[in-house]
Amino acid sequence: MTGDDHGAAAERTRLAWRRTALSAGVVGLLAARPAFHPDAGVPQWITAALSGLGWSFLVAIAYRRARALMKSPPHPGRRTIAAYALTTVALAALASLVVML
Amino acid sequence: MTKSACCGCTFSTEKVNNSYVLGGLRQWIDPEKTPTVGRTPDYRFSLANERTFLAWIRTGLALIAGGLGVAQFLPPLPIAHLREIMAILLLVLGGLVALRAVDHWARTERAMRLGQELPGSRFPAVLAVAVALGAVAMIVAVVVQAAG
C-alpha cells in the first residue's frame, strides 16, 4: 500500500508548509504596519500585537507539522489543518479591523 | 434518497439538522475519527490533499495581503470609502477561501477513506469569475482616469 517514494511526498509537503508560513509573514507585516505610523495610537499597537501573535502561531504550527513529517511513514495531518485555516480566518478578521480603524 | 449539495457537502435532505452541522465541524478537526469509516488511504494521497489545502491557504493569504495593500498603498479614491470597501471585499474573499479550503480538505479526506469519488467543486470557477470581474473593474477605472 505505502510505496517507497524515498520521502519525496513528505519533502514536498514540508516545503509547502514553509512556503505557507512565509506567505503568512507578508500578511503579518502588512497588518502590523499602521503601528509604525507617527500618529499610531493604542488601537494600532493592539492590532499589531495580535497580528504578530497570529503570525507566530502560524509559523509555529507549520514548523511543528514540518517536523512531524520527518517520521516515516508520515501521518496525515488532522487538527493542524483546521487550526491553520481558522487562524487564517482570524487574521482576515483582524485585517478588516486594521482597515476600518 | 435525494442528495443535495449545500456548502459543498453532500447529504441526504431528510437529515439537515444541528447534529449534521456539528458533525461537519467535527469532521474538520478530525476526519479520521468522526465518523470512524473506511480505511486509511496511502499516505501519499493524504499528503497531496494536504498540499492542495496549503495552496488554497496561500491563495487566501494572498487575497488578505491584497486587501491590506489596497487599504494602505492606494491613494484616497474620488468615491468616499471605495478604497476601504475594496479592501474589505478582498479580506472577506480571503477568509472564505480559507474556510472553504478546510471544508474541501475534510471532504476529500473522508471520500478517500470511503473509497468514494473525490468531491467536485464550483468554487474555483466562482473565484476565477470574481477575480476576473475585479480586473475588468480596474481596467475600466484606469481607462476612465486616463481619459478624464
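Every chain is numbered from 1 and lettered A, B, ... according to where its sequence line falls, protein lines coming before strand lines.
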Approximate separation, where rounding is to 0.5 Å, of B/Leu118 CG and B/Glu109 CD: 10.0 Å

Shared hydrophobic cluster for [X] and [Y] (ILVMFWY, side-chain gaps under 4.5 Å):
X       : Y        : answer
A/Val89 : A/Met100 : yes
A/Phe57 : A/Leu50  : yes
A/Ile46 : A/Val98  : yes

Aromatic ring pairing A/Trp17/B/Phe53, orientation class (parallel under 30°, perpendicular over 60°, tilted between): tilted

Closest-packed option against chain A by number of heavy-atom pairs under 4.5 Å, given B/Val102, B/Leu61, B/Leu90: B/Leu61

Note: vs chain A, highest number of non-hydrogen pairs under 4.5 angstrom among B/Ala65, B/Ala62, B/Ala55, B/Ala101 is B/Ala65

Sort B/Ala71 into side chain, backbone, both or neither according to what part of it lies under 4.5 angstrom from a heavy atom of chain A. side chain

Which region of B/Ala87, side chain (C-beta onward) or backbone (N, CA, C, O), has a non-hydrogen atom less than 4.5 Å from a non-hydrogen atom of chain A, or is it both or neither? side chain

Do you know which of [options] has the most heavy-atom pairs under 4.5 Å to chain B?
options                           : value
A/Gly28, A/Ala9, A/Ala83, A/Ala90 : A/Ala9
A/Leu86, A/Leu91, A/Leu30         : A/Leu30
A/Val99, A/Thr88, A/Ile81         : A/Ile81

Please check if the side chain of A/Arg19 supplies one atom and the backbone of B/Leu54 the other of a donor-acceptor pair under 3.5 Å. no

Is A/Val27 close to chain B through its backbone or its side chain, or both, or neither, when contacts mean heavy atoms under 4.5 Å? both

Chain B contact via A/Ala93 - side chain, backbone, both or neither, heavy atoms under 4.5 Å: neither

How far apart are the closest heavy atoms of B/Leu63 and B/Gly94, and which atoms are they? CB-CA, 3.8 Å

So which atom in B/Glu50 and which in A/Leu69 form the shortest heavy-atom distance, rounded to 0.1 Å? OE2-CD1, 4.4 Å

So, B/Arg100 and B/Ser121: side-chain donor and acceptor under 3.5 Å apart, yes or no? yes

When the ring centroid of B/Phe123 is compared with that of B/Trp56, is the distance short of 6.0 Å? yes

Is there any residue in residues 134-142 of chain B with a non-hydrogen atom under 4.5 Å from a non-hydrogen atom of chain A, and which ones are they? none

